[in-house]
Amino acid sequence: MDLANGMPAPVNERSAADAGQGHDDLLRGRQIFAVEQNTERGLVSFGVAATFATVLFHREWGGTILAWYLCVLGFCAIRFAVMRRTIGRTPSPMGRAAERQLIAWAALSSLVMTSLPVFVSMQSEGLSFAFMLALALGTFWSGCFVFAPVFGAAIAFMLVELVLAVAAGFYAGLDWQRGMLMALFACGVGGAIHIIRQHSELFRHSVVQQLDLEQNTEVIGLLLREHEDQSSDWLWQTDAAMRFVEPSRRFQDAFAMSDAALRASSLEVLLAGSSGGEAAVGQVRLRDAVVARQSFRDMVVCCGSAGEERWFNLSGRPVFVEGRFIGYRGVMADVTAAKRAEARVIHLAHHDPLTDLPNRAQFAAVLDRAFAANRAFALISLDLDGFKPVNDCYGHPVGDALLMEVARRLRRLLGANDFIARLGGDEFAIKTLRHDQESVESFCRRILEVIAEPLTIDGYTVAVGASVGVAIAPVDGASREEITKSADAALYRAKQGGRGTFRFFAAEMDQQLQERQRLVQALRVAVAREELRLYFQPFIDARTGVVTGCEALIRWQHPTRGLVPPADFIPLAEESGLIVPIGAWVIEEACRQAATWQGGQRVSLNISPVQFKDRDLPERILAALTLSGLSPSRLELEVTETILIDDADAALDSLRRIRALGVRVALDDFGTGYSSLSYLRRFPFDKIKIDRCFVSDLDSRPDSQVIVRAIHDIAVGLGMTVTAEGVETAEQAQQLRITGCDEFQGFLYSRPRPAADLWDIMDRRYAA
Ligand code: C2E
Ligand code: CA
Ligand code: CA
């Protein structure tokens with residue numbers, strides 16, 4: 001709404017009160033008021049003329065003129081005294097009685113003022129005749145004009161004088177000269193009535209118009225006030241010194257200032273004291289506009305009212321009366337909430353909500369700027385070690401608290417020229433202007449130290465570590481993409497090189513990276529080119545020595561590298577997502593092979609955590625079973641604890657659906673990972689596979705035997721069977737048998753072999 005332009009005058013208090021009164025009374029009030037405004041001057045000038053007359057003719061007319069003069073003075077005094085009540089006031093509505101009173105006053109004025117001049121002029125000649133006639137006529141016309149706003153009063157004034165003139169004429173003896181004089185008076189009265197009527201009508205008309213205008217203004221004012229009450233805007237106005245005039249309630253509330261305090265304050269004072277930046281710009285623009293007496297619109301300014309920063313949107317225009325500047329009028333709105341929301345949105349767009357560190361987007365911008373500035377800097381990529389288990393064992397709130405603490409600790413390490421961001425998950429990055437090897441090294445060591453310090457959250461003491469990769473710009477990369485890739489390659493090496501360390505980027509890392517990318521490319525087409533193979537390794541029943549099933553283990557028959565073991569490409573397949581199509585192929589191929597086994601042995605498949613992100617996994621398995629005709633009870637899936645870490649609920653849901661098909665589920669590599677009992681309780685696994693590291697240690701470390709026995713007891717307690725993997729010697733088999741393991745798997749019995757070589761072992765009975 002354009003309130004700034006076309007602002008109405010402030011609603012006058014009295015005219016607002018008038019609103020309930022009759023229109024006629026209002027009009028009458030204005031008319032009488034106008035008469036009284038002029039009466040004062042009329043009386044004074046008549047008083048002066050009467051004084052002259054008395055001085056000039058007191059010898060000639062002696063006591064008569066003196067008596068008249070006293071009457072005039074007395075009358076003027078009374079009239080003044082009566083009018084004092086209204087002089088200097090604003091017009092108020094008046095009834096008919098007031099009008100009648102005025103008419104009486106008019107008649108009386110005429111009687112007092114014109115009686116002597118009329119009588120004397122009728123009886124004398126020469127100077128006294130001329131003077132008195134002039135006085136009588138002058139008084140006649142000035143009386144007419146003074147009373148003109150109230151036509152009745154003007155008429156009374158004229159008629160009284162006319163009657164006096166006629167009476168004086170008769171009194172002095174009617175001759176033709178006096179007859180002519182009386183006729184002259186009568187004509188004067190006739191003409192005057194016509195003129196005064198027009199004058200009176202004109203006046204009346206203008207008053208009516210003004211009253212209408214005021215009434216409209218009042219309506220607009222009321223509407224505006226109502227609008228103001230309902231909206232967040234309010235009207236404001238200042239005087240020429242820019243001090244506030246009539247500040248509204250809302251205005252007072254917004255600034256938490258009293259009416260008096262606001263009136264004493266000015267626009268400039270009120271909006272001073274902002275904290276620079278955008279706020280200061282708004283103020284300078286506002287001040288410039290005010291100094292130049294220009295209109296302004298939607299000027300956003302800030303002020304520190306009531307102890308906090310508040311934002312206001314101001315529009316205003318200067319008001320001039322007859323070319324004179326009398327102040328500004330406008331509308332103001334409190335936009336603090338919108339401003340805060342806007343700031344919050346901007347902040348959120350650039351910050352990580354958990355740690356409040358800058359986010360990836362902002363970090364990218366910082367790197368771009370650093371390259372644009374052509375300065376050397378180090379990019380430190382940082383990844384927490386062991387964060388996932390903390391998050392999983394103690395729950396997300398503890399994980400969040402840990403991340404926040406890490407952020408706090410890292411922030412404390414930073415200097416003025418360092419910039420940190422959280423890139424996501426447990427990944428952080430730091431850009432630092434220190435770029436010589438030595439200072440970056442000591443910085444990295446500090447980072448590793450502060451992160452490694454254990455911390456207590458909710459009564460749990462947890463500890464994590466970090467791996468750090470460093471790349472120096474511009475040597476290790478001349479663009480954001482390049483330097484990020486280099487730092488990531490260094491980080492990758494740090495992780496591989498046994499965690500809790502840092503690595504600087506080296507050219508060969510780049511080669512390794514490229515090598516990896518080439519491998520991923522080749523792997524992408526490996527399924528289609530039928531380069532993947534399944535090898536099988538048997539499980540042996542610990543008591544009977546018969547082959548109860550085989551684990552399917554993948555191999556890649558690479559065209560140039562030969563047979564590639566899974567350790568060399570499964571991690572790559574997992575990182576690139578290729579494990580999903582590869583895993584699908586394994587499921588189909590394993591089911592197809594197992595369906596041909598005459599002895600009805602089980603087949604066991606390794607399913608990587610990434611495959612559980614594929615929501616269709618249960619359907620895929622069902623399709624493979626259906627297609628191959630393999631009974632679900634002959635299929636077994638081997639999963640590791642890690643599947644329960646990332647998105648545990650989704651994975652558990654998939655596992656349940658798979659198990660509902662009748663497929664068995666085994667927990668692989670138990671004892672190597674987090675080996676948390678909580679995992680065992682969260683899902684009813686059918687079997688636990690004890691990792692081969694315990695088996696190989698059986699001979700040398702007695703505690704391994706204790707651990708194996710403990711795992712066995714837990715498994716039995718939870719209704720699971722136990723398989724030991726990596727059995728290489730008969731002694732190991734013997735010890736495991738004593739411990740109570742149900743099945744063995746290992747080189748002692750068979751290495752993984754191609755499907756074609758299985759016929760040789762499937763019916764065999766190994767020594768038990
Ligand atoms: P895993 O599931 O623990 O598989 C057992 C690994 O132990 C196999 O290595 C097997 O050859 C090896 N092994 C068996 N007996 C012995 C022994 O007596 N002594 C020693 N030293 N090793 C033995 P492989 O075939 O190289 O597989 C390595 C890993 O690759 C597997 O570990 C599994 O995690 C993964 N993998 C293999 N095939 C697949 C697959 O189809 N899908 C997925 N997702 N992962 C697979
Ligand atoms: Ca396995
Ligand atoms: Ca295993």
Side-chain angles (χ1 to χ4, degrees), residues 523 526-527 531-540 547 549-557 562-594 602-614 617 620-621 624 635-643 651 664-673 675 685-699 711 722-733 736 741 743-755 757 761 766:
L523 193 56
V527 180
E531 290 170 1
L532 300 179
R533 308 274 178 273
L534 273 191
Y535 275 47
F536 294 91
Q537 189 180 30
F539 310 126
I540 313 299
V547 175
C550 291
E551 178 176 4
L553 294 159
I554 197 169
R555 304 286 181 265
W556 179 12
Q557 189 64 57
L563 201 63
V564 185
D568 288 3
F569 68 92
I570 290 293
L572 274 185
E574 286 176 335
E575 278 168 36
S576 60
L578 286 174
I579 193 71
V580 174
I582 290 174
W585 175 83
V586 170
I587 294 167
E588 272 174 38
E589 180 64 10
C591 289
R592 202 175 61 80
Q593 291 285 345
R602 283 177 284 123
V603 66
S604 197
L605 305 180
N606 293 286
I607 306 283
S608 100
V610 184
Q611 284 175 270
F612 278 92
K613 299 227 160 68
D614 171 19
L617 184 64
R620 218 183 270 282
I621 289 168
L635 180 62
E636 194 171 67
L637 303 187
E638 294 187 9
V639 298
T640 57
E641 287 165 305
T642 39
I643 66 150
R664 286 162 54 92
V665 181
L667 187 60
D668 202 359
D669 301 342
F670 192 76
T672 55
S675 307
F685 292 101
D686 297 286
K687 141 174 158 181
I688 286 183
K689 290 185 82 174
I690 298 178
D691 192 73
R692 65 172 171 274
C693 67
F694 294 107
V695 176
S696 62
D697 283 353
L698 273 179
D699 309 326
I711 295 173
V722 181
T723 298
E725 28 172 47
V727 182
E728 293 183 351
T729 66
E731 289 72 33
Q732 289 168 348
L736 291 164
C741 281
E743 279 178 344
F744 300 142
Q745 180 185 0
F747 293 171
L748 175 64
Y749 306 100
S750 168
R751 289 184 173 262
R753 49 177 72 203
D757 297 349
I761 53 162
Y766 290 92

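Both ligands and their constituent atoms are indexed starting at 1 by order of listing. Numbering starts at 1 and runs along the sequence shown.
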Residue [X] vicinity, atoms of ligand 1 by number, heavy atom under 4.0 Å:
| X | answer |
| --- | --- |
| E725 | 3 (O) |
| S608 | 44 (N) |
| P752 | 11 (O) |
| G746 | 15 (N), 18 (O) |
| V727 | 18 (O) |
| V586 | 41 (O) |
| E551 | 2 (O), 4 (O) |

Point to revise | Heteroatom N/O/S of S604 within less than 3.0 Å of the Ca ion (ligand 2) | key: no
From [options] - option closest to [atom] by heavy atom:
| atom | options | value |
| --- | --- | --- |
| atom 15 (N) of ligand 1 | Q537, E589, E574 | Q537 |
| atom 35 (C) of ligand 1 | A666, P571, P566, A552 | P566 |
| atom 17 (C) of ligand 1 | Y535, W585, F569, F747 | F747 |
| atom 5 (C) of ligand 1 | E728, E638, Q732, R692 | R692 |

Review point. Non-hydrogen atoms of G726 versus ligand 1: any pair closer than 4.0 Å?
Key: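 Yes; G726 lies near enough to ligand 1 that a heavy-atom distance drops under 4.0 Å.
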Review point. Closer than 4.0 angstrom: is that true for some heavy atom of R555 and an atom of ligand 1?
Key: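 Per 4.0 Å heavy-atom rule, R555 contacts ligand 1.
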Point to revise | Presence of N, O or S from D669 under 3.0 Å of the Ca ion (ligand 3) | key: yes
Check your understanding: Is the distance between the Ca ion (ligand 3) and the nearest N/O/S atom of D668 smaller than 3.0 Å?
Key ->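 Here the distance criterion (N, O or S atom, under 3.0 Å) is met by D668, so yes.
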So, the side chain of [X] versus the backbone of [Y]: is there a donor-acceptor pair under 3.5 Å, distance only?
| X | Y | answer |
| --- | --- | --- |
| D686 | A666 | no |
| E588 | W585 | no |
| Q611 | I607 | no |

Exercise for review: Please calculate the OD1(N606)-the Ca ion (ligand 2)-OE1(E638) angle and round it to 10 degrees.
Suggested key: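 The two atoms subtend 90° at the Ca ion (ligand 2).
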Review point. Which residue and non-hydrogen atom of the protein lie closest to atom 45 (N) of ligand 1, and at what distance in Å?
Key: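 For atom 45 (N) of ligand 1, the nearest protein heavy atom comes out as N606 CB, 3.6 Å.
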Check your understanding: Considering only protein heavy atoms, which is closest to atom 38 (N) of ligand 1, and at what distance to one decimal place?
Key ->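 Going atom by atom, the protein heavy atom closest to atom 38 (N) of ligand 1 ends up being I554 N, 3.1 Å.
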Point to revise | Test side-chain hydrogen bond (donor to acceptor under 3.5 Å, both in side chains) applied to Q593 and E589, step by step | key: CA-CA 6 Å; Q593 291 285 345; E589 180 64 10; 3.1 Å; yes
Using a distance threshold of 4.0 Å (strictly less than), state whether [atom] has a protein heavy-atom neighbour.
| atom | result |
| --- | --- |
| atom 32 (O) of ligand 1 | no |
| atom 9 (O) of ligand 1 | no |
| atom 13 (N) of ligand 1 | yes |

Point to revise | Distance under 6.0 Å and angle within 45° of ring axis: K687 vs F539 | key: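 Output yes; distance and angle both within limits.
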Practice item. Kindly indicate whether a cation-pi arrangement holds for R555 with Y535, taking the cut-offs as under 6.0 Å to the six-membered ring centre and within 45° of the axis. Key: yes
Please report the interatomic distance [atom1]([X]) to [atom2]([Y]), rounded to the nearest 0.5 Å.
| X | Y | atom1 | atom2 | answer |
| --- | --- | --- | --- | --- |
| L605 | L553 | CG | CG | 10.0 Å |
| I582 | I570 | CD1 | CD1 | 6.0 Å |
| C693 | L698 | SG | CG | 10.0 Å |
| I643 | D668 | CD1 | CG | 11.0 Å |

Check your understanding: Does a side-chain heavy-atom distance below 4.5 Å link L617 with F612?
Key -> yes
Review point. Would you call V722 and K689 a side-chain contact if the rule is heavy atoms closer than 4.5 Å?
Key: no
Residue portion contacting ligand 1 (non-hydrogen atoms closer than 4.0 Å) for [X]:
| X | value |
| --- | --- |
| Q745 | neither |
| D668 | side chain |
| D669 | side chain |

Practice item. Please work out which of the three classes, parallel, tilted or perpendicular, describes the rings of Y766 and Y749, given edges at 30° and 60°. Key: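 Correct class here is perpendicular.
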Exercise for review: May I ask you to decide whether E551 forms a salt bridge with R602, counting only side-chain N to carboxylate O separations under 4.0 Å?
Suggested key: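 A salt bridge is absent here (no side-chain N lies under 4.0 Å from a carboxylate O).
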Check your understanding: Does the pair D614/R620 count as a salt bridge with the N-to-O cut at 4.0 Å?
Key -> yes
Exercise for review: Give the name of the N/O/S atom in E551 that lies closest to the Ca ion (ligand 2).
Suggested key: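 So the atom name we want here is OE2.
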